[in-house]
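The analysis underlying the following values was restricted to heavy atoms, covering all of them including side chains, and did not include hydrogens, waters or symmetry mates. Predicted model, so just to flag it, every value in this text is computed and none were measured. Quick note on labels: first sequence line is chain A, next is B, and so on, each numbered from 1.
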Protein chains: 2
Amino acid sequence: MDETDELLSIRAAELYYEENKTQDEIGQALRLTRWKVGRLLAQAKQRGFIRIEILHPRARRLPIERRLREERGLEDAIVVSSAGVASPDELQARTAQAAADYLTALRPVPRTLGVSWGRTLFEISQHLRNGWATGVNVVQINGGVSLNRRAGTAAATAVAIAQKGGGSATLLPSPAILEHLATKEAIESDRVVAGVIDLARSADAYLFSAGPADHTSVHIESGYLTEADVDLLVQKGAVGDVVGRYIDSEGNIVDPALDARTVGLTLDQLRDGHLRIAVIAGRSKHAVADAVVRSGLCSVLVTDEATALHLLDG
Amino acid sequence: MDETDELLSIRAAELYYEENKTQDEIGQALRLTRWKVGRLLAQAKQRGFIRIEILHPRARRLPIERRLREERGLEDAIVVSSAGVASPDELQARTAQAAADYLTALRPVPRTLGVSWGRTLFEISQHLRNGWATGVNVVQINGGVSLNRRAGTAAATAVAIAQKGGGSATLLPSPAILEHLATKEAIESDRVVAGVIDLARSADAYLFSAGPADHTSVHIESGYLTEADVDLLVQKGAVGDVVGRYIDSEGNIVDPALDARTVGLTLDQLRDGHLRIAVIAGRSKHAVADAVVRSGLCSVLVTDEATALHLLDG
DNA sequence: TGCAAGTCTGCTCATATGAGCAGGCGGCGA
DNA sequence: TCGCCGCCTGCTCATATGAGCAGACTTGCA
């Protein structure tokens, strides 16, 4: 394609897309046959001169979703558009909305849904509509009795998802991380707790998020870890946590001792699930999202465009 | 359009524009008739959910050009796209290129073209191709013997435009602004100078730019004015200059005494021309572009998207 | 210079899309 | 409750577009 044709293809594109002329009319204007105009337009598209964007909070990026499925081996991927997003909060809201939509459309409807907790999960619970399902029982898959004033968020999330889905919630009555291994083992041997974990292991689907390994972590906010603890984990290679367990960029547990004091499904138990939906969005979670996908923790990923492109192109 | 339809129109748009499905295929996927899909797509477009952009340095914005013609009474307007512009310099280059293209395509070819000088005009001269016209004679319409080391730019501009157009240049051998009115009158009564100005008044077309009233002005760089002079002009309401003459936001001369010492066509003489092409781009020239269009100094405007939108929407 | 390969052009034909219309449906007022 | 009005649906038909093909043209090489 020489320069003249390139320029003509731009002129044709202007008339076609901005002025809504037919290819025939454009041909008359530019003294070309309509077939030539059609070819110029095809070339303009193919060379990337034409960008078509869908501007809507609910817009998704299907080509990126396809690439995630094909190149990263995911069973499914939902990628929300970042176009026109004003703030990280808005991105988070869009992603939560998409996750809620995905759950609502899920067939067959899971009878038992295992959920983690945190800011993302809470937001998803808020975006779900009443009646999004009928008779979905929700079970917590990791400990989360909050130690600070925001107590109850973890429970509220599970309960909201269950209620709106016409089912009931089974809570895991335990802190996320315990100070002593012995305490953790004692709690897990409790009949109720063990029963909840068994139920969690049998769930039809898991819905969880991941947190970044930094000072904004919900574990610091909740009092389970100190900033110094997290700094140490980062030094050991942590990129973030999944169901309270900190992993490195390959998805390996960075601190086995800490992990042993963490209550809930282990990562291997999580990986045993058939449908494992991870919802991870935002700049700060690029690294942990990569680790989650790389290590096969999720089979379905709900994320934003920028994170998806990070996974694909580094 | 209720929320369900809005969402469907987004899903349909994704499949249509990103996945290149036919409306019929989309209908099958979403369990709709193909006519419904067509209507959803039409609504998505109409509500502005679909944005189509042409990404190319030579891309123009025809709808904005139309609005300029219709709403600001211009005979013609050329608006270059700002999409993907990295720097103000690139915007300037795109606009100069567009001006060169416009001149090249101009029919009938002007026999005599009056030109001003400055950074913009110089750049246009560089973008013109050899043989852009045959036998175009170029005449300077305002004084411009440069006083500093960049001497000759004004002359070089006119000569380059003429040479590449297969014609010759007639230079106006005079400074732009003189210190004393008497000197200016003496120069203008000189046979050669008067002859050039007469020739300029008879030109078939004028090509000129405008400068901002700030310290980047080419008049400061050339030594005709000091920074203090320009500050004073701004205080009097100047928004910029056209052929060396400073105007306010309504296009009126802000300092008649200074104007009287400025050599070249007066603004009224400029307005007598039939084809008056102004080339004005860049953030700093929004105000002066508005003044030029508002006061009818140009009949054709070549500008960038942001400036055009400023003229239209304030 | 002459030939062969590849490219470009303008066509035919099949398909996709948009305009416009008749019937059905729901909402609203009497 | 009935009947009218207006919107929405699914259609027919006209038009716009894309696929594929045969011939012309250019280009590179001997």
Side-chain angles (χ1 to χ4, degrees), chain A residues 1-56 58-63 65-66 81 101 105 129-131, chain B residues 1-56 58-63 65-66 101 104-105 129-131:
Chain A
M1 196 185 198
D2 63 11
E3 197 192 315
T4 314
D5 268 17
E6 182 166 327
L7 246 176
L8 276 174
S9 76
I10 297 303
R11 298 284 152 256
E14 287 159 2
L15 292 165
Y16 193 70
Y17 291 107
E18 302 198 326
E19 300 284 85
N20 294 312
K21 305 259 190 209
T22 69
Q23 297 184 6
D24 212 355
E25 288 172 313
I26 296 168
Q28 292 178 315
L30 303 181
R31 301 170 169 270
L32 301 167
T33 63
R34 72 187 179 79
W35 296 286
K36 177 75 177 169
V37 174
R39 285 176 183 127
L40 287 171
L41 287 171
Q43 281 173 89
K45 260 192 200 166
Q46 189 228 318
R47 290 167 140 247
F49 296 156
I50 314 293
R51 177 158 82 201
I52 302 186
E53 261 182 325
I54 302 171
L55 298 166
H56 194 279
R58 305 284 273 268
R60 283 163 49 187
R61 305 301 318 276
L62 304 188
E65 294 180 0
R66 184 212 307 286
S81 163
D101 291 347
R129 300 198 156 208
N130 268 317
Chain B
M1 194 185 201
D2 63 12
E3 197 193 315
T4 313
D5 268 17
E6 182 167 324
L7 246 176
L8 276 175
S9 76
I10 297 303
R11 297 284 153 258
E14 287 160 0
L15 293 165
Y16 192 71
Y17 291 107
E18 302 197 328
E19 299 285 86
N20 295 312
K21 304 256 190 213
T22 67
Q23 297 185 6
D24 212 354
E25 288 172 312
I26 297 168
Q28 290 178 317
L30 302 181
R31 301 168 170 271
L32 302 167
T33 62
R34 67 187 182 81
W35 298 285
K36 178 75 177 173
V37 174
R39 284 175 184 126
L40 287 172
L41 288 172
Q43 278 172 91
K45 260 193 200 167
Q46 189 230 319
R47 289 165 141 250
F49 296 155
I50 315 293
R51 178 159 79 199
I52 302 185
E53 261 183 325
I54 302 171
L55 297 167
H56 194 280
R58 307 283 275 268
R60 284 164 49 186
R61 305 300 321 274
L62 304 187
E65 294 181 359
R66 186 214 306 287
D101 290 346
T104 305
R129 299 198 155 205
N130 268 318

*Identified salt bridge (charged side-chain N to carboxylate O under 4.0 Å, His left out) partner of B:Asp5 from the options B:Arg47, B:Arg39, B:Lys36*: B:Lys36
Distance, rounded to the nearest Å, where [X] contributes [atom1] and [N] contributes [atom2]:
{"X": "A:Lys21", "N": "D:dT15", "atom1": "NZ", "atom2": "P", "answer": "18 Å"}
{"X": "B:Lys36", "N": "C:dT17", "atom1": "NZ", "atom2": "P", "answer": "17 Å"}
{"X": "B:Arg31", "N": "D:dG10", "atom1": "CZ", "atom2": "C1'", "answer": "18 Å"}
{"X": "A:Leu15", "N": "D:dT17", "atom1": "CG", "atom2": "C1'", "answer": "17 Å"}
{"X": "A:Asp5", "N": "C:dT7", "atom1": "CG", "atom2": "C1'", "answer": "12 Å"}
{"X": "B:Gln23", "N": "C:dA16", "atom1": "CD", "atom2": "P", "answer": "10 Å"}
{"X": "A:Lys45", "N": "D:dG18", "atom1": "NZ", "atom2": "P", "answer": "6 Å"}
{"X": "B:Asn20", "N": "D:dT17", "atom1": "CG", "atom2": "P", "answer": "16 Å"}

Tell me which nucleotide among [options] gets nearest to the side chain of [X].
{"X": "B:Arg39", "options": "D:dC21, C:dG20, C:dG18", "result": "C:dG20"}
{"X": "B:Trp35", "options": "D:dC11, D:dT9, D:dC13", "result": "D:dC11"}
{"X": "B:Thr33", "options": "D:dG10, D:dT9, C:dT17", "result": "D:dG10"}

*asked:* Any side-chain N or O of A:Tyr16 below 4.0 angstrom from OP1/OP2 of D:dA16?
replied: no
*May I ask you to say whether A:Glu19 pairs ionically with B:Arg66, meaning some side-chain N is under 4.0 Å from a carboxylate O?*
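So A:Glu19 pairs with B:Arg66 through a salt bridge.
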*Do A:Glu14 and B:Arg58 sit within salt-bridge range, that is, some charged N less than 4.0 Å from a carboxylate O?*
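The answer is no: the pair does not qualify as a salt bridge.
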*asked:* Working to the nearest 0.5 angstrom, can you tell me the gap between B:Ile50 CD1 and B:Tyr16 OH?
replied: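 Spacing of CD1 (B:Ile50) from OH (B:Tyr16) equals 10.5 Å.
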